[in-house]
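See structure below.
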Amino acid sequence: MALFPAGFAHVRLPAADGVHLSAAVGGSGSPVVLLHGFPQTHLMWRHVAERLAADHTVICPDLRGYGASDKPAADAPDVYAKRTMAADIVHAAAALGHERFALVGHDRGALVAFRAGLDHPETVTHLGILDIVPTLDMWQVLRGVSAAVGYHLFLMAQPPGLPETLIEGSADAFFGSFLDAWAGDPAALPEPVRAEYLRSSAAAVPSIVADFRASAGIDITHDQADLDAGSELAMPVTVVQQDWGAQLGYDAAGVWRAWAPDLDHRLTGSGHFMAEESPDEITAAIRDLLTR
């Protein structure tokens with residue numbers, strides 16, 4: 001059964017450092033790149049992509065280390081740095097003839113999108129962010145018992161060996177727990193989709209852990225350097241997130257305003273998997289972003 005909408009072609013695209021990304025590409029018009037989160041693949045964008053393809057070229061890659069994209073060994077700290085993963089997206093879009101594009105990311109993909117916006121302001125015309133704060137801010141807001149919501153961040157920050165062994169020993173239970181806990185509407189993740197997320201995640205444990213481990217190391221270094229330099233996101237930015245500020249005790253809009261002067265910050269009643277749970281809402285937010 002085809003899980004992605006008809007009319008999308010599945011292609012292999014050259015990215016950074018000899019890596020290739022798998023992507024679904026469809027529609028026509030100005031380009032929009034959509035980056036998935038954890039523990040997912042490009043499949044999470046199936047509803048939004050179909051809607052946007054009516055008047056945009058929509059590019060939905062699997063991030064390096066996920067899905068059907070290459071999964072290089074993490075033999076250096078920067079292999080899964082968000083800077084490297086952002087360069088992947090710029091290279092892949094260029095291979096399709098797009099030197100400038102709008103970029104929207106969810107969860108891990110949003111961290112890649114954030115880095116792309118800082119590193120490639122001449123390329124990213126509009127930036128959409130779903131349900132994160134930047135890496136540097138994320139570690140600052142996770143304090144006390146409330147940090148238990150992000151226990152996986154601490155687990156996968158550990159040195160190579162133990163996290164991979166623990167997760168590989170119970171991959172379906174581990175990845176499935178996030179699909180269960182984070183979905184406001186479980187029906188938005190039907191069994192064939194859930195099965196694909198579990199299958200692809202279980203096949204990518206070392207690279208997924210490496211992605212998270214980078215966010216406890218080199219990604220912090222890169223964010224701190226930009227913060228110290230006063231770097232800001234130069235393009236219009238829309239952030240849609242659950243009310244994490246109220247839950248964890250911080251000013252979510254204020255955190256984002258420090259990075260994004262041209263900010264539209266929205267709260268949603270959806271669960272974490274908002275592109276699947278509330279595709280009309282997310283499509284509308286993206287369309288609003290693209291008019292700014």
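This is a predicted model, so every value here is computed, not measured.
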Q: May I have the step-by-step check of side chain to side chain contact (heavy atoms under 4.5 Å, CB included) for L189 and Y197, ending in yes or no?
A: CA-CA 10 Å; L189 304 176; Y197 290 157; 4.1 Å; yes

**Q.** side chain to side chain contact (heavy atoms under 4.5 Å, CB included) between E122 and V90, worked out
**A.** CA-CA 11 Å; E122 73 290 348; V90 172; over 6 Å; no

Q) Can you check side chain to side chain contact (heavy atoms under 4.5 Å, CB included) on I59 and L34, steps first, answer last? A) CA-CA 6 Å; I59 305 163; L34 305 176; over 6 Å; no

Q | Worked verdict on H36 versus M44 for side chain to side chain contact (heavy atoms under 4.5 Å, CB included) | A | CA-CA 6 Å; H36 67 84; M44 64 154 282; 3.7 Å; yes

**Q.** D55 vs R287, salt bridge (charged side-chain N to carboxylate O under 4.0 Å, His left out): CA-CA, chis, key distance, verdict
**A.** CA-CA 10 Å; D55 46 15; R287 291 193 181 280; 2.9 Å; yes

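When hydrophobic clusters are built by joining Ile, Leu, Val, Met, Phe, Trp and Tyr residues whose side-chain heavy atoms come closer than 4.5 Å, directly or via intermediates, L289 is not grouped with F101. The same ILVMFWY cluster, assembled from side-chain heavy atoms under 4.5 Å apart, contains both W244 and F154. Transitive grouping of hydrophobic side chains (ILVMFWY, heavy atoms separated by less than 4.5 Å) keeps L130 and L267 in distinct clusters. Transitive grouping of hydrophobic side chains (ILVMFWY, heavy atoms separated by less than 4.5 Å) keeps L227 and I218 in distinct clusters.
With rounding to the nearest 0.5 angstrom, the CZ atom of F8 is 9.5 Å from the NE2 atom of H42. L198 CG to D172 CG: the interatomic distance, rounded to the nearest 0.5 Å, is 5.0 Å. Distance check: L136 CG to D223 CG gives 5.5 Å after rounding to the nearest 0.5 Å. Taking NE2 of H120 as the start and CZ of R83 as the end, the distance is 8.0 Å to the nearest 0.5 Å. In this structure, CG on D88 lies 7.5 Å from CG on D17, to the nearest 0.5 angstrom. Distance check, rounded to the nearest 0.5 Å: CG of L35 to CG of L63 gives 5.5 Å.
Not one N or O on the side chain of E196 forms a donor-acceptor pair closer than 3.5 Å with the backbone of P192. For Q242 (side chain) and G269 (main-chain N/O), no donor-acceptor pair under 3.5 Å exists by modelled atom type.
We find that R292 and D262 are joined by a salt bridge, their nearest charged nitrogen and carboxylate oxygen being less than 4.0 Å apart. Taking 4.0 Å as the cut-off between side-chain N and carboxylate O, R12 and D70 count as a salt-bridged pair.
H265 and Q241 form a side-chain donor-acceptor contact under 3.5 Å, judged by distance and modelled atom types alone. In summary, the side chains of E281 and T268 do present a donor paired with an acceptor at a separation below 3.5 Å, with no hydrogens or angles considered. For the residue pair H56/S30, the side-chain donor-acceptor check at 3.5 Å is satisfied. For the 3.5 Å distance criterion, the side chains of S231 and D226 qualify, holding a donor opposite an acceptor. Side chain to side chain, H106 and D131 fail the donor-acceptor criterion of an N or O pair below 3.5 Å. A donor and an acceptor atom, one from each side chain of Q224 and D228, are located under 3.5 Å apart.
Between F38 and F178, the distance separating the two ring centers is shorter than 6.0 angstrom. H152 has its ring centre less than 6.0 Å from the ring centre of W182.
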Side-chain donor/acceptor pairs under 3.5 Å, residues 204-215, sequence neighbours excluded:
from, atom 1, to, atom 2, distance (Å)
S207, OG, G65, O, 2.7
S207, OG, A204, O, 3.1
D211, OD1, K82, NZ, 2.9
D211, OD1, R108, NH2, 3.2
D211, OD2, Y66, OH, 2.5
D211, OD2, R108, NE, 3.1
R213, NE, Q158, O, 2.7
R213, NH1, E164, OE2, 3.2
R213, NH2, Q158, O, 2.9
R213, NH2, E164, OE2, 3.1
S215, OG, R108, NH2, 2.9
S215, OG, D219, OD2, 2.9

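Residues V193 and L43 are in side-chain contact: their nearest non-hydrogen atoms beyond the backbone lie under 4.5 Å apart. Looking at V79 and T84, their side chains never come closer than 4.5 Å, going by heavy atoms from C-beta outward. A 4.5 Å side-chain heavy-atom check between R115 and L118 finds at least one atom pair inside the cut-off. When side chains are defined from C-beta on, Y250 counts as touching V133, because their heavy atoms get closer than 4.5 Å. W45 is not listed as a side-chain neighbour of V58, based on a closest heavy-atom distance of 4.5 Å or more. When side chains are defined from C-beta on, F4 does not count as touching E50, because their heavy atoms never get closer than 4.5 Å. For the pair W259/D137, a side-chain contact is recorded, criterion being any heavy-atom separation below 4.5 Å from C-beta on. Within the 4.5 Å cutoff, the side chain of W256 has heavy atoms near those of the I132 side chain.
Looking at every heavy atom in both residues, R64 comes nearest to A16 through NH2-O, 3.3 Å. Shown here for A94 and E99, the closest heavy-atom pair between the two residues is CB-OE2, 3.9 Å. Taking both residues in full, the closest heavy atoms of S69 and S22 are given as OG-N, 2.9 Å, listed atom of the first, atom of the second, then distance. Contact detail for G29 and T57: the closest heavy-atom pair is O-OG1, 2.9 Å. The minimum heavy-atom distance between A113 and L127, with the atom names listed, is O-CD1, 3.4 Å. For the residue pair G67 and D62, the shortest heavy atom distance occurs at CA-OD2, 3.5 Å.
Listed by first then second residue, pairs satisfying salt bridge (charged side-chain N to carboxylate O under 4.0 Å, His left out) with a partner in residues 35-49 read R46-E276, not counting sequence neighbours. Among pairs with a residue in residues 145-162, none fulfils salt bridge (charged side-chain N to carboxylate O under 4.0 Å, His left out), at least two apart in sequence or across chains.
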